[in-house]
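Structure, as C-alpha cells:
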Amino acid sequence: VADVSPLAGLYPDGVKTEVIGDAVVPWSFSSLDEEHGALRQSTGLLDFSSLGRISITGTGSMDFLQSQVARDIAYLFPERCLTTLLMDDDANPIDIVVIYKVQGGYILETSMGRGTETLAYLEERAPAGVTFTDLRSTNAAVALEGPFCWQLVSQVFDPQLTGLTYQGVQLSEWEGHEILVSRLGFTGEYGFKFDLPIDAAQKLWSRLAEEAKPVGYEAIEVAMLEVRQPMLHREVGADGNVMRCGLNWLVELEKDDYAGREALMAQRDAGPDVLPVSFTVEGNVALPAGAKVTAAGELEIGAVVHSVYSPHLSKVVGVARVGAEWAASGLELEVEHATEGALPLRTVSAPFLIPLSWRVPIL
Amino acid sequence: MEKAPVAITGIGVVCANGNDTEEAWKNIVAGQCAIGDIEMLDTLWMGVRIAGEVRGFEPLRFLEPDSVEAMVRSAQFAIAAAHEALDQAGLDVASIDPLRAGVVMGTCQGSLAEVRPAKPHIIDSVHVSCDEVAHHFGLRGPRTMVSTACSAGANALGLARDRLWSDEADVMLAGGCDSLTFFSLSGFAIMGSLDTQACSPYSRSEGLTLGEGAAVLVLEPLAKAKARGATVIAELLGWGTSADAYHASAPDPTGRGAALAMRRAIEQAGMSPDDVDYINGHGTATPANDGMERKAMRTTFGERATSIPCSSTKSMIGHMLGAAGAVEAAVCALATRDDVVPPTANFDMEKADDFDFVPNQAKQAKVDVAISNNYAFGGSNGSVLLAKPGKGRVSAVDFEDVVITGIGAVGPLGIGFDAWRQAMLAGECPLGEVTEFDAAKYGNPIGGQVPKLDAKGFAPGGAWRKMDTLGRHCVASSRLAWRESGLDLSPSAMEGVGVIFGTNVGSIEHTEMFDRGARQGATAANPILFPNAVLNSAAGQVCMTLGLRGPTVTMTSGGVSSALALVHAADLIRRREADVVLVMGADTLYETVFGTAALMGNLLTTEKVRPFDEKASGTAFSGTAVTVVLESASHAAARSARTYARVLGWGMAGDAFDFQAGNSSGVEWGEAMRMAVERSSITPSDLGYIAAAACGVRAVDEVEAGAINKVIGSTTPVSAPKSMAGETLGAAGLVNAIAAILALDEGTIVPTVNLDNPIADIPLEHVRGEPMRREVSHALVNSVGLGGNYVSVVLGRV
C-alpha cells in the first residue's frame with residue numbers, strides 16, 4: 001500500500017500521480033516543459049514527502065550507523081549532512097541515503113519511495129538499544145529548487161539561510177515552527193529542503209505555491225538524469241552493483257568495516273565487467289530500459305538502463321550499461337528502437353548540461 | 001567579581017596618517033588618505049606599489065641606537081605608541097608597582113616575517129614585541145601576546161581588560177603592532193586581494209591596501225583612574241569574539257560569525273544594539289568582507305543598520321593587520337570624546353547604497369557608544385565596545401565553577417589521553433634521535449617526534465589534505481578530546497562552544513613554505529599556503545571540523561601560551577559567557593626552530609633531558625598538541641559528565657631580562673605561583689603536587705626550583721613532565737595540566753625521569769624514577785616562556 005503525501009490535498013487541480021516504491025508522488029502538475037523550465041531557469045516547488053525520514057537514536061546509534069553506511073559519519077556535526085550508500089553484505093545497493101547529525105542521534109533520509117523498506121532493513125539489522133522512528137507520521141518535506149530559489153528563501157525565511165553551504169544544515173524557524181533546513185539540490189541547481197511538522201508543512205506549501213511553480217516527479221527525474229544524480233528506482237535493478245551503476249563516489253574504501261565492504265573490495269579487485277555510460281539520441285523517442293545497444297551494426301554490447309527526453313536539450317538523454325571496454329565517451333553506437341529500428345546513439349560525458357546555478361552566485 | 005567599565009586614560013598611535021595620536025586623529029577626521037608608494041620594500045612583481053607606510057618615524061626619540069639596531073620595526077612602533085599613551089595617561093612607570101602593570105599586544109605574524117639583523121632568533125619571534133615593551137618599561141605583571149591575524153589588536157584590548165576585571169593588575173598597556181613586510185604584501189598580492197589604487201571600502205570594494213604601525217592604549221579600572229585624578233578618554237565596556245567555522249581565509253558570507261562577535265561584545269557591556277551610535281567597521285574593501293559586513297549589520301541592528309554611521313579607517317591608513325583592531329578602537333574612543341564620526345575615504349558615491357558609510361567627510365554626531373569590528377583569517381572575529389565616560393554599567397558576576405571533562409593529546413608519548421596516561425605513569429621517555437629532517441647539521445640534538453597521522457578518525461580526507469602538520473595535530477587532539485568528553489549538543493549550543501589556542505610559532509610550516517616561494521617571485525608563490533600562514537589557522541581548522549562558533553582567541557606567548565589559553569577559557573566559563581570551551585596548545589617539531597635553538601649552543605641536549613639535575617645539559621624540543629575540554633560545573637553535572645579536575649586560580653608575572661635567561665632571583669616566578677595559590681583560596685601547604693616547568697636547561701630550572709622552595713616549600717612533591725614529554729612550547733602548560741590531572745584524579749604523581757643528581761643546594765621533594773601514590777587535593781601547574789613570562793594555575797580535585 002503506497003503512502004499518499006500529507007500535502008496531496010493541496011496539489012492544484014489536474015495533477016497526475018504515480019507510485020514510486022511506497023509513495024504516491026505527484027508526477028506532473030502542468031507540462032514537462034513548464035515544470036522542467038521552472039527547475040532549470042527559475043524556482044520549482046517540490047513535495048519531497050516521498051523521501052523516507054528515519055530518526056535513529058540510542059547510545060549505539062553512531063556505531064550501528066557507522067557499521068552500515070559506506071562513508072565515514074564520524075565527522076558529521078549538527079550543521080552538516082552527508083550522502084552515502086547503504087549496501088547489504090554482498091555489496092548490493094539497498095539505498096542512497098543522506099545522514100544528518102542531530103542532538104541525541106541521527107536522521108537518515110532515504111531515496112524516494114524507499115522509506116518503508118529501508119526502515120525494515122535497518123530494524124532487522126540493528127542491535128538492541130538502537131531506536132528507529134519513522135518521521136513521516138509527523139513530518140513532511142517541502143523543497144525549493146532552481147537557480148533563483150534562494151531569492152524566495154530569503155523572502156520567506158530567515159535571509160541568513162541563503163548563506164548555507166552545500167550540504168549545510170540549519171535548524172531554523174518559520175512562523176513559530178521549528179524547521180530543519182538543508183541545502184542539497186537533486187538537479188544540480190540550488191536546492192533548499194525544509195523538513196517540518198505536517199500541519200506547518202501544509203501551510204508552507206501553500207505559501208510557497210504563491211510564488212513558485214509546483215514541479216512533479218516527471219520533471220524532477222528528467223533534471224536529475226541531466227546531471228546524473230543517481231536514481232535508485234530507475235538505475236539499479238537486480239543486476240546493478242556499485243561499479244556497474246557508477247555509485248563509487250558514494251563509498252569510501254578507506255573506511256574500515258561496514259556492511260558490504262569486503263564484497264565491494266572483491267568486486268573492485270575482480271574489475272568491472274559492465275559499466276554505465278551516458279548517451280544522447282537525437283529526437284524525442286522512447287527508449288525503455290532493456291533496449292539493446294549495439295556497435296558496428298552487429299555487436300550487442302549492452303542495454304539502456306534509463307532514458308528520458310530532455311526538453312532543454314531537445315533530445316533523449318540516458319544511461320546504458322555496456323561492456324567495460326565500451327564505457328567511453330565520444331563513441332558512435334546504435335540503439336534498438338521498437339518501431340524505428342536502429343537509431344544512432346552517441347556516448348557522452350555527464351553532466352548533459354551545465355546548470356545555471358553553477359554560474360549564478362547567491363547574493 | 002564585577003563586570004565594570006575600564007578606563008582608557010592614554011592612547012598612543014603610530015600610523016601612516018601620523019606618528020602621534022592627535023596628528024593621526026586630525027588627519028583621519030579630515031578624511032586624509034595617507035596611502036602612497038611603498039618606499040621600504042621592492043614590490044615590483046606584485047603589481048601593487050602602494051600601502052599605508054609609516055613615514056618620518058624617529059625611534060631614537062625613545063630608544064638607544066643599539067636597541068634600534070637590534071629591534072624589529074613593529075616593536076619600535078609599539079614602544080613609541082606606549083610612550084605616548086603613558087605620557088597622556090600621566091603615568092610615571094617608576095611610580096607603578098611593576099608586578100601590577102602588564103602588557104597585552106596583538107600581532108598578525110609578529111616578527112616571524114620581519115628581518116632581525118642583530119638577533120636572528122625565530123623561537124621568540126612572535127612575542128618579541130610584547131617582551132620588548134615590557135622590558136623597555138620594566139613591566140612585570142601579566143604579559144600576553146595574542147595573534148589572531150587581523151583581529152589581534154581588538155582581542156589584545158579585551159584580554160588586557162580581563163586582567164583588570166580579575167584584579168591581577170592596576171594598569172595594562174594594550175594594543176597591536178605590525179610592520180609592512182614582504183611576506184604579507186606578497187601573500188595578499190598573490191591571492192589577488194590587493195587593490196592597485198588606494199582601497200575603497202564599502203563602495204568600489206576591489207581589494208585591500210596594507211598599512212603598518214601600532215596603537216597602544218592605557219587601561220585602568222575606572223575607580224582607580226578616577227582616584228588618581230586621571231582624565232578618562234573613554235570606557236572600554238565590552239569585548240566579544242567568535243569563530244566563523246566557515247573557511248580559512250574568506251568570511252562566512254552570511255555575516256553570522258561577525259554578528260555573533262558584535263552581539264557578545266554588546267551583551268557583555270549590558271547594552272543593546274540600540275545603544276550603538278557609531279560602527280568602526282572592518283572595512284577592508286575586499287568584496288567578500290564588505291558584502292558580509294552589510295549582512296552582519298542587518299542581523300545585529302535590524303532596521304537601524306542603515307542609519308548608524310559606519311566607517312572604515314583602513315581607507316586612510318591601510319590595513320594594519322595585527323594593529324588594526326587597536327588603532328580602530330582608538331579611533332572609536334576619540335570619536336566618543338569629540339562627538340565626531342570619521343569618514344570612509346575614497347568612497348565612490350556612484351556605488352552608494354542605503355547604508356551610511358560616512359562618505360569622504362567626517363560629520364558631527366553624538367557618539368556615546370561605538371563598536372569596533374575586526375575579522376580575520378581563520379574565521380576569527382573580534383568586536384570591542386567603547387563609550388563616553390559615565391556610560392558604562394556595573395554588573396556583579398557570580399562565578400561559575402570550571403571543570404575539565406575531556407582530554408585529547410597527540411605527541412611522542414602517544415595518541416590519545418589513555419596512551420599518554422599509561423606512558424607518563426610508566427615513566428616512559430620517547431625523546432631521541434630526530435629523523436624527520438637532517439638533525440646532524442645541528443649537532444644531533446634529541447627531540448620528540450609525532451608518529452605520522454592519517455585522516456582516519458580525525459577529519460574528512462579533503463579537509464585533512466589542506467591542513468599543515470600543526471593543523472592536523474590540533475584537529476586530531478581536539479577530536480579526541482571532544483569524543484572523550486561525550487558532548488552531544490544542539491546546534492544552538494554548538495554555536496557557543498569556544499576554542500582558545502596557545503602556540504609558540506603556529507603554522508610556521510606553511511608560513512615558511514609560502515615565504516620561500518614568494519621570494520622567488522610571482523610564479524613560485526603558492527596562494528594555497530597563505531591562508532594557513534597565520535598563527536591562529538589551526539584553531540580555525542578545529543572550529544571548521546567540529547562546527548564551533550564560540551569565542552576564539554590564539555595566544556602566542558611562547559611556553560606559557562597554552563596556560564594563558566587555559567586561563568582565558570576559564571575566565572569565559574566562570575563569568576558565564578560560555579558553557580564549553582576547548583583549550584588547545586600545540587607546536588610542531590620544526591626544523592627552523594630546532595636549528596636556531598641548536599645554534600644557540602646551550603639550549604638543546606644531545607643526551608637526555610634531566611630537569612632539576614646538577615648535570616642537566618639542555619632540553620629537547622618536541623611536537624605535541626593537547627586539547628582539554630573545559631566546562632561549567634553545572635553544564636557538566638546536568639549531563640552527568642565524567643569530570644577530571646577543577647580549574648581554580650592562577651597567577652601571572654613576567655620579568656624583563658634577556659631573551660633566554662629569566663630573573664635569577666625567581667621573584668617574578670614566585671609571584672606567579674603565590675598569586676595562583678592565593679587566588680585559589682588555599683595555602684601552599686594545601687598543594688599536593690607541583691607540575692614543574694623545568695625543562696633541563698639549568699639556568700631556568702634553578703630559578704623555578706628556588707622559587708618553589710621559597711614560595712611553596714620543600715616538602716610538596718614536585719616533578720617535571722618535560723623529562724618525558726620534552727619542551728613542547730605552545731603545548732607545555734597543558735602537558736603539565738595532564739600530569740596534574742593524573743595526580744588529582746588517580747592519586748598518582750608522574751615522575752621526573754633521568755633525574756639522578758638533584759640540584760644540591762635547593763632542596764625539593766622530587767618525585768623521580770617511579771610514580772608516587774598520594775592523595776592530592778590541589779596541584780600547581782607551572783609554565784615558563786622565553787623572555788621571562790610565568791603563568792601558574794591551580795587545579796583542584798573534583
Side-chain angles (χ1 to χ4, degrees), chain A residues 56-63 66 71-84 99-107 150 153-154 157-173 178-183 249 251-258 361-363, chain B residues 243-247 250-260 287-288 291-292 294-296 298-300 302 305 353 454-465 475-476 478-480 482-483 486-497 541-549 639:
Chain A
I56 306 176
T57 54
T59 46
S61 57
M62 160 145 182
D63 289 341
Q66 189 71 291
R71 290 179 69 190
D72 201 336
I73 58 162
Y75 316 119
L76 278 181
F77 51 85
E79 296 189 345
R80 279 255 156 271
C81 63
L82 172 145
T83 305
T84 183
I99 313 286
Y100 300 77
K101 173 81 187 84
V102 292
Q103 191 178 15
Y106 296 85
I107 292 175
W150 47 272
V153 172
S154 74
F157 304 93
D158 177 355
Q160 297 241 12
L161 288 177
T162 57
L164 269 180
T165 49
Y166 180 63
Q167 297 188 328
V169 183
Q170 204 171 313
L171 263 183
S172 188
E173 223 179 58
E178 190 175 85
I179 56 175
L180 185 69
V181 185
S182 50
R183 216 205 102 190
W249 63 282
V251 306
E252 277 171 22
L253 293 176
E254 310 86 66
K255 181 184 166 184
D256 326 299
D257 288 344
Y258 54 87
I362 294 180
L363 297 174
Chain B
D244 263 5
Y246 178 79
H247 188 269
D252 180 342
T254 61
R256 182 172 171 188
L260 278 171
M292 173 282 280
R294 285 175 170 90
K295 289 195 179 176
R298 284 195 205 276
T299 308
T300 309
D353 56 12
D454 65 21
K456 196 172 287 179
F458 301 127
W464 188 258
R465 280 191 289 279
V475 163
S478 62
R479 175 78 65 186
L480 290 164
W482 182 261
R483 223 173 260 158
L487 282 161
D488 182 7
L489 301 173
S490 70
S492 60
M494 294 286 278
E495 193 171 78
V497 176
Q541 306 275 20
V542 167
C543 292
M544 273 188 277
T545 39
L546 293 176
L548 310 176
R549 291 192 177 78
R639 64 183 189 92

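What's counted below: heavy atoms across the whole structure, side chains too, no hydrogens, waters or symmetry copies.
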Q.
Given heavy-atom pairs under 4.5 angstrom as the criterion, report whether the side chain, backbone, both or neither of A:Q170 touches chain B.
A. side chain
Side-chain polar contacts of residues 157-164 of chain A - donor-acceptor pairs under 3.5 angstrom, sequence neighbours left out - could you list them?
residue	atom	partner	partner atom	Å
A:D158	OD1	A:Q160	N	2.9
A:Q160	NE2	B:T299	OG1	2.7
A:T162	OG1	A:P159	O	2.8

**Q.** Side-chain touch B:R256/B:R549, heavy atoms, less than 4.5 angstrom
**A.** yes
Q. Residues in salt bridge (Lys or Arg N to Asp or Glu O under 4.0 Å) with A:D256, at least two apart?
A. B:K456
Q.
Under 4.5 Å from any heavy atom of chain A, what part of B:A463 do you find: side chain, backbone, both or neither?
A. neither
Q | Region of B:L546 in contact with chain A, defined by heavy-atom distances below 4.5 Å | A | backbone
Q | Rounded distance (nearest 0.5 Å) linking atom CG of A:L180 with atom CD1 of A:I107 | A | 5.5 Å
Q. After noting the C-alpha distance and the side-chain angles of A:R71 and A:T83, does the key distance pass the side-chain hydrogen bond (donor to acceptor under 3.5 Å, both in side chains) rule?
A. CA-CA 8 Å; A:R71 290 179 69 190; A:T83 305; 5.8 Å; no
Q. Counting only N and O atoms by type, is there a donor-acceptor contact under 3.5 Å from the side chain of B:D244 to the main-chain atoms of B:D252?
A. yes
Q) Side chain, backbone, both or neither: which part of B:S490 has an atom under 4.5 Å from a heavy atom of chain A? A) both
Q | Proximity breakdown for B:R298 and chain A, heavy-atom pairs closer than 4.5 Å | A | neither
Q) Do you know which of B:P491, B:P460, B:G291 has the most heavy-atom pairs under 4.5 Å to chain A? A) B:P460
Q | Main-chain N/O of B:F458 paired with A:Y75 side-chain donor or acceptor, under 3.5 Å | A | yes
Q.
I'd like to verify something: which residue of B:A459, B:G547, B:G457 has the highest number of heavy-atom pairs under 4.5 Å with chain A?
A. B:A459
Q.
Is A:V102 close to chain B through its backbone or its side chain, or both, or neither, when contacts mean heavy atoms under 4.5 Å?
A. backbone
Q. What part of B:R294 is in contact with chain A, defined as an atom under 4.5 angstrom from a non-hydrogen atom: side chain, backbone, both or neither?
A. neither
